[in-house]
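Positions are given from 1, in the same order as the sequence printed here. This one's a predicted model, so the numbers in the text were calculated from it and none came from an experiment. Numbering of ligands and ligand atoms starts at 1, following listing order.
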Amino acid sequence: MFKHLSNWFDTRTGYKALIHEALEEPIPGGAKWRYVFGSALSATFMIQLVTGLFLMATYSPSATTAWGSVYYINYEVAGGWFLRGIHHFGSQAMVVLLAMHLVQVLIAGAYRAPREVNWWFGMALLFITLGFSLTGYLLPWDQKGYWATKVATNISSGAPVIGPYLQKIVVGGPDYGNQTLTRFYGLHVGVLPALLVMCLAAHIALFRKHGVTAPKKAVGVEMFWPKQVAFDMLAGLAVFGILVLLVVSEGGANLDAPADASSDDYPARPEWYFLSLFQMLKLFDGDREIIGTMIIPAVIMIGLLLLPLLDKVLPRGFAHFLACTFVIALLGGAGYLTVKAWQADASDQVYIKGRMKADQARDRALLLAKEGIPPEGAAYLLGRDPLYHGGKIFENKCLGCHALGGKVTGEQLAPDLKDYASRIWVRGLLEKPDSPEYFGNVPGCDGMTTWKESSKLTPKQLDDVADYVGTFATIDAETSPSDWADDPKTKAHPGRASFQKECVECHTMGDLSERSKKMQPAPDLFGWGSTRWMTRMIKNPNAPACYGFLEAEQKMPAFGEQLTDNDVTTLVRYLKGDYLPAGSGSMTGKAAAKP
Ligand code: HEC
Ligand code: HEC
């Protein structure tokens, strides 16, 4: 029955002859393990193709959505971390296998006549594979890929003559950004696969035409089937097994913080197999840069392309010796430079600090992403995060004068803002207004010290006043001063009496016109420490309700012009501790990727 069916199918398709053609290939000298690299590469490419197609089903290529979709694959889709991990390590396996294949071909002399053309197809495949790596690295649109690829595109657009065209085609315009991502995606899933399949088909067809390059003293002939087929399949399985091990032990592929064009101190590094190039570039700076970026790569490329022609001009054995020396020196040099690059990074404090900050940003972004990613794009995860963004602004703009729970030094000009506007902060102020933690170092700010000198409040009364003032921050923007004053809760507060007695002498509560009668002008305390109050204070400390009365030189500068609304909002929330706590869940890229 089966025979009948297969005969029927064979007369319609001729598949038996095809299989015969494919499997009954003679191998002079017999099957060998060292012939497996080509098939292992093809197998790995198939793995990349299949995992790539699955990834395409979820990945979304745009600057706003890419990171989020990769996050989704890594952390939400069942098995997504594994799929992406295989694709990630598979791409590295291809580079490693390529190098092994290259060395094997070279030692066997398989680049020589009549196989020159196939050598060139092999070279084309090499560059296509590197093209896959380069384009793929950008697709998650995370910091790592963004900055590494920016270096690469800057180099390519600086190429003489073709640079501007490359810039147009690859970068997609004068600016590196969303267009670059979509271009790279098109290259990665459309152009490069098509090119690779075409070159691979030609490569295999030519290989079949000329057969393996058997050793000179080869004796006997074996058929491709079954032994070589078994070797090849085992090699493919071994590669897959190693990939699975890598993915499981690493917990999938890393996802860095979302790309942020403003963080230009990011410690950019390319994938490890491009590190040697990166290290080499360090040797050439300024005008000589072109030697590293263009001339050396061009010489290597031309050298590789011309290798097969060496036999024509040099004695055969010598040409082979030269060819092997060249490629092995090349790989050795690349290995040496890679180790150098690692060593340089391991002792580079700027790099280590930068990487640490980058890892913190990544962990924070992953934690925030759990709560949902803003539709405007993943960049806003950190951009709107009080802890990350507000904290950064505070560090850059405020820490020069203010402290934040730090050891207060004599040089500190302005109050410590830890727990600002809380009951604890006020209690401290009422205890020791002239300490450097408060107004001790602010020239001209002696109002509270004046009050302290004549104050008759007992510690218990001070506690109550502090408690009362600590509630001002909860007064929202809709409440008017009179509504608030008439609120029974306000009236019943135990601190109110002392406040009315000692504080309103100087401080107004929402009505500045009362100030003229006061003995010394002071900040208006209505809604003190609320978002509205703090926003006004940061944007314009010279407002009459803030420190407009102060005549000292060293006043707080107005930040209204320097900071965006988002900066101020995140800053205020940062100071108020209004954000997702850092510890919650504490998810790192690795641990979290594991199921
Ligand atoms: C040049 C030094 C300086 C810088 C920079 C500075 N401040 Fe101030 N800040 C002061 C001084 C001095 C005061 C006391 C009032 C005054 O002089 O205006 C003050 C007062 C404040 C107050 C009122 C509470 C208090 O303790 O008096 C807040 C809130 C505040 N600053 C927040 C900030 C924030 C947020 C930043 C960063 C955007 C910042 N400041 C940057 C010097 C500075
Ligand atoms: C002699 C006038 C005077 C009296 C009385 C006074 N203050 Fe002040 N207060 C000031 C001045 C002036 C400042 C600005 C900082 C400075 O000069 O010490 C200030 C600052 C403050 C601040 C910090 C505002 C900011 O920038 O964040 C608070 C809170 C405060 N006072 C609360 C009180 C309380 C509560 C009382 C009553 C127990 C009180 N003050 C009594 C004059 C006074």
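Under the 30°/60° scheme for interplanar angles, the aromatic rings of Tyr71 and Tyr75 are found to be tilted. Ring planes of Tyr574 and Tyr579: parallel class, angle under 30° (limits at 30 and 60°).
Neither side chain, Asn566 nor Thr569, offers a donor N or O lying under 3.5 Å from an acceptor on the other. With 3.5 Å as the limit, one finds no donor-acceptor pair spanning the side chains of Ser60 and Ser69.
The atoms of ligand 1 that sit less than 4.0 Å from any heavy atom of Pro557 are 1 (C), 3 (C), 4 (C). In summary, the atoms of ligand 1 found under 4.0 Å from a heavy atom of Ile538, numbered by their order in the structure, are 35 (C). Numbered from 1 in the order shown, with element, the atoms of ligand 1 that lie under 4.0 Å from a heavy atom of Trp425 read 26 (O). The atoms of ligand 2 that sit less than 4.0 Å from any heavy atom of Trp451 are 4 (C), 5 (C), 6 (C), 38 (C), 41 (C). Remark: ligand 2 atoms within the under-4.0 Å shell around heavy atoms of Glu502 are 5 (C). Ligand-side atoms of ligand 1 in range of Leu550: 16 (C), 17 (O), range being under 4.0 angstrom from any heavy atom. Of all the atoms in ligand 1, the ones that sit under 4.0 Å from a non-hydrogen atom of Leu413 are 2 (C). Every atom of ligand 1 with a heavy atom of Leu571 under 4.0 Å away is listed here by number and element: 35 (C), 38 (C). The ligand atoms of ligand 2 that sit less than 4.0 angstrom from a heavy atom of Val465 are 35 (C). Shown in contact with Val469 at under 4.0 Å from a heavy atom are these atoms of ligand 2, numbered in order with element: 35 (C). Interface of Pro521 with ligand 2, defined as ligand atoms under 4.0 Å from a residue heavy atom, comprises 12 (C). In summary, the atoms of ligand 2 found under 4.0 Å from a heavy atom of Trp528, numbered by their order in the structure, are 24 (C), 25 (C), 27 (O), 29 (C). Within the listing of ligand 1, atoms 25 (C), 26 (O), 27 (O) sit less than 4.0 angstrom from a heavy atom of Pro415. Annotation for ligand 1: atoms under 4.0 Å from non-hydrogen atoms of Ala414 are 9 (N), 10 (C), 11 (C), 42 (C).
For the side-chain hydrogen bond (donor to acceptor under 3.5 Å, both in side chains) with Trp451, the qualifying choice from His507, Glu505, Glu502 is Glu502, the only one to do so. Here the options are Lys144, Arg355, Lys150, the test is side-chain hydrogen bond (donor to acceptor under 3.5 Å, both in side chains), and the partner is Tyr266; only Arg355 passes.
Backbone and side-chain nitrogen or oxygen atoms of Gly447 are examined, and one is located within less than 3.5 angstrom of a nitrogen or oxygen of ligand 2. Among the atoms of Trp533, none of the N or O lies under 3.5 angstrom from an N or O of ligand 2. Residue His507 places at least one N or O, backbone or side chain, under 3.5 Å from an N or O of ligand 2. Checking only distances, Met448 does come within under 3.5 Å of ligand 2, N or O to N or O. Not a single N or O atom of Thr450, backbone or side chain, sits closer than 3.5 Å to an N or O atom of ligand 2.
Gly354 and Pro267 make their closest contact through C-CG, 3.6 Å (heavy atoms, listed as atom of the first residue, atom of the second, distance).
With hydrogens left out, the protein atom closest to atom 12 (C) of ligand 1 is Val442 CG1, 3.5 Å, a heavy atom. With respect to atom 33 (C) of ligand 1, the closest heavy atom belonging to the protein is Met556 CE, 3.2 Å. Of the protein's heavy atoms, Cys398 SG, 3.4 Å lies nearest to atom 34 (C) of ligand 1. In terms of protein heavy-atom proximity, atom 4 (C) of ligand 1 is nearest to Cys401 SG, 3.3 Å.
Contacts of Cys503 with ligand 2, taken as heavy-atom pairs under 4.0 Å, involve both backbone and side chain. Only the side chain of Tyr420 comes within 4.0 Å of ligand 1, counting heavy atoms alone; its backbone N, CA, C and O stay farther away. At a heavy-atom distance under 4.0 Å, only backbone atoms of Asp446 (N, CA, C or O) approach ligand 2.
In this comparison of Glu395, His402, Lys539, the heavy atom closest to atom 19 (C) of ligand 1 sits on His402.
Between Asp565 and Lys539 there is a salt bridge, since a side-chain N of the basic residue sits under 4.0 Å from a carboxylate O of the acidic one.
Remark: aromatic rings of Trp141 and Tyr185 are distant, center separation not under 6.0 Å. Between Tyr420 and Trp528, the ring centre distance stays below 6.0 Å.
Among the atoms of Cys506, no N, O or S atom falls under 2.8 Å of atom 8 (Fe) of ligand 2.
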(message) Between Lys282 and Gln279, does the side-chain hydrogen bond (donor to acceptor under 3.5 Å, both in side chains) criterion hold? Intermediate values first, please.
(response) CA-CA 5 Å; Lys282 290 191 199 161; Gln279 181 70 11; 3.0 Å; yes
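The closest side-chain heavy-atom distance from Leu381 to Tyr388 is not below 4.5 Å.
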